[in-house]
Amino acid sequence: MIGDPSGKSEERQLLSEETLRANVEGMGRQMRRLLDFDDAERPALLVNNYDWVGPFGFLEFLRDVGKHFPVNVMLTKDSVRSRLERTDSGLSYTEFSYMLLQAYDFAHLRRHHDCELQVGGSDQWGNITAGIDLARRLDGVQLYGMTCPLLTKSDGTKMGKTESGALWLAPERTSPYQFYQYWINLDDADVGKCLRFFTDLGREEIESIVAEHQLDPGRREAQRRLASELTRLVHGDEGLHVARRATEIFFGAEIGELSDAQLVQIFADVPSKGMPVDAIGGEGLSVLDALCAAGLAKSKGDARRTIEQGGGYVNNRRIENVEQRLTSADLASETVMVLRSGKKRYALLRFGGEHD
RNA sequence: GGGGGGUUUCCCGAGCGGUCAAAGGGGUCAGACUGUAAAUCUGAUGGCAGUGCCUUCGCAGGUUCGAAUCCUGCACCCCCCA
């Protein structure tokens with residue numbers, strides 16, 4: 001409900017209690033893939049600090065926790081200072097206090113769960129050390145922190161930003177295919193770093209992958225390996241399988257000799273849309289409408305522009321004419337048509353069956 | 001409470017009352033080159049229709065033949081003083 005001021009250039013938006021509950025549950029679902037919550041000895045634990053901070057009275061908090069925080073120290077923390085130095089945005093007391101909450105959380109977790117190490121991105125350094133200080137003052141114990149550098153791409157921009165938004169772990173937001181494609185497309189310069197950061201591969205193996213990649217970067221073996229490892233980690237073998245199959249269909253052999261059986265399997269994983277079958281009967285469907293419906297264009301004007309510049313494709317054949325209409329002759333398989341914008345943005349249109 | 005500054009199209013940021021759908025940059029999209037890479041170059045970038053129409057410049061009114069540009073009120077943000 002209260003956010004960390006670090007990194008943000010503006011006061012962050014506060015979320016409602018329900019939204020947060022939902023977010024916490026969502027995180028739990030994703031963490032379950034990566035951590036073992038059922039281990040008999042030391043199961044992973046997901047806790048919500050609302051459970052202990054929520055009931056904490058304001059006065060008690062000020063008395064028991066707040067008094068241990070010298071304001072002059074707080075002011076020197078990067079997260080605070082950077083915000084105060086900006087002239088176009090301020091820092092509310094709420095955000096300023098965030099550090100106290102996170103620090104207290106650490107102390108609380110130590111008391112109740114013997115938690116002694118807090119890890120996080122390097123932007124959390126200030127908050128983590130605040131927690132270490134607090135626990136020492138409060139309980140006389142020594143806690144530890146560990147941070148890792150924030151991951152940025154070689155061009156300085158943040159990782160995980162794709163053309164069409166952010167990269168999500170949740171399959172509903174970023175399908176395994178899209179997730180896989182993100183890593184396949186990664187800059188050469190960033191592959192090694194990502195292999196080290198995100199995979200469990202050993203150092204020698206990574207080094208040999210990178211070395212081989214440098215010999216023949218065009219094969220993008222490093223990217224393939226990275227994409228495979230990560231897709232399996234996040235979406236499991238099944239997700240990886242679908243992602244690969246979709247990739248093979250689109251970037252592999254000719255499109256045209258496909259069957260519904262092949263396409264329908266990947267249908268849900270690729271941006272797609274179902275349409276009534278009579279859309280391609282008679283006159284046929286305008287290519288402009290088709291691109292819009294498939295989500296490859298924001299508007300008809302956008303679709304027109306794409307096609308006029310040579311970026312529109314049906315079944316991997318360039319659309320030459322904006323006036324062109326699509327009929328059943330343009331289907332790639334029994335019911336599915338493969339549309340593409342640019343070199344690598346694919347979408348499917350399925351005719352008949354359910355539509356939306 | 002007092003004083004000052006601000007709110008422009010995805011973002012930043014220009015913008016003489018008409019020639020402003022609005023400079024410039026970023027981003028994004030597309031093309032060329034390649035390797036589904038980077039860099040570079042080119043084009044595009046409100047909507048619908050193709051030399052026209054419609055909706056945009058915090059919100060609501062007003063002045064004007066005509067406003068993003070002037071006036072009034074409101075909202076929000078920032079800074080300084082108390």
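Sequence lines set the chain letters: A, B, ... in the order given, protein chains first and strands last, and positions in each chain run from 1. The figures that follow rest on heavy atoms only: side chains count, while hydrogens, waters and symmetry mates do not. Note that the structure is predicted; figures quoted are calculated from it, not measured.
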If the [atom1] atom of [N] is compared with that of [M], how far apart are they to the nearest Å?
| N | M | atom1 | value |
| --- | --- | --- | --- |
| B:A37 | B:G15 | P | 40 Å |
| B:G6 | B:C12 | C1' | 15 Å |
| B:U56 | B:U9 | P | 13 Å |
| B:U36 | B:C78 | C1' | 46 Å |
| B:G13 | B:G62 | P | 32 Å |
| B:C33 | B:C41 | C1' | 9 Å |

Would you indicate what [X] reaches in the nucleic acid, counting non-hydrogen atoms under 4.0 angstrom: base, sugar-phosphate, or nothing?
| X | value |
| --- | --- |
| A:T247 | base |
| A:R224 | nothing |
| A:Y180 | nothing |
| A:G218 | base |
| A:K298 | nothing |

Length of the line joining [X]:[atom1] and [N]:[atom2], which is rounded to integer Å:
| X | N | atom1 | atom2 | answer |
| --- | --- | --- | --- | --- |
| A:Y313 | B:G31 | OH | C1' | 9 Å |
| A:L226 | B:A37 | CG | C1' | 14 Å |
| A:F250 | B:G35 | CZ | P | 22 Å |
| A:F251 | B:U36 | CZ | C1' | 5 Å |

| task | Indicate the ring-plane relationship of A:Y104 and A:H108, choosing parallel, tilted or perpendicular according to the 30° and 60° boundaries. | result |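 Ring orientation of A:Y104 relative to A:H108: tilted.
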Can you say whether a donor on the side chain of [X] sits under 3.5 Å from an acceptor on the base of [N], or the other way round?
| X | N | answer |
| --- | --- | --- |
| A:K343 | B:U34 | yes |
| A:Q223 | B:U36 | no |
| A:D188 | B:G35 | yes |

| According to the Watson-Crick and G-U wobble definitions, with both distances under 3.5 Å, which nucleotide is paired to B:C20? |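 Pairing partner: none.
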| Complementary nucleotide for B:U45 - Watson-Crick or wobble, under 3.5 Å |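 Matched B:U45 with B:G27 under the 3.5 Å cut-off.
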| task | Take A:Y346 and A:F251 through the test ring-ring contact (aromatic ring centres under 6.0 Å, His included) and record every step on the way to the result. | result | CA-CA 10 Å; A:Y346 282 94; A:F251 296 96; 5.4 Å; yes
| Is a side-chain donor or acceptor of A:Q309 paired with a backbone partner of A:T306 at a separation under 3.5 angstrom? |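 Not confirmed, A:Q309 side chain does not pair with A:T306 backbone.
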| Are A:F198 and A:W183 close enough that their ring centres sit under 6.0 Å apart? |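 Centroid distance A:F198-A:W183: below 6.0 Å, so yes.
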| said: Pairing donors with acceptors under 3.5 angstrom, does anything connect the side chains of A:R244 and A:S228? | reply: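 Yes.
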| said: Side chain of A:Q309, heavy atoms from C-beta onward: which of B:G47, B:C29, B:G43 has the nearest atom to it? | reply: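 Selected nucleotide: B:G43.
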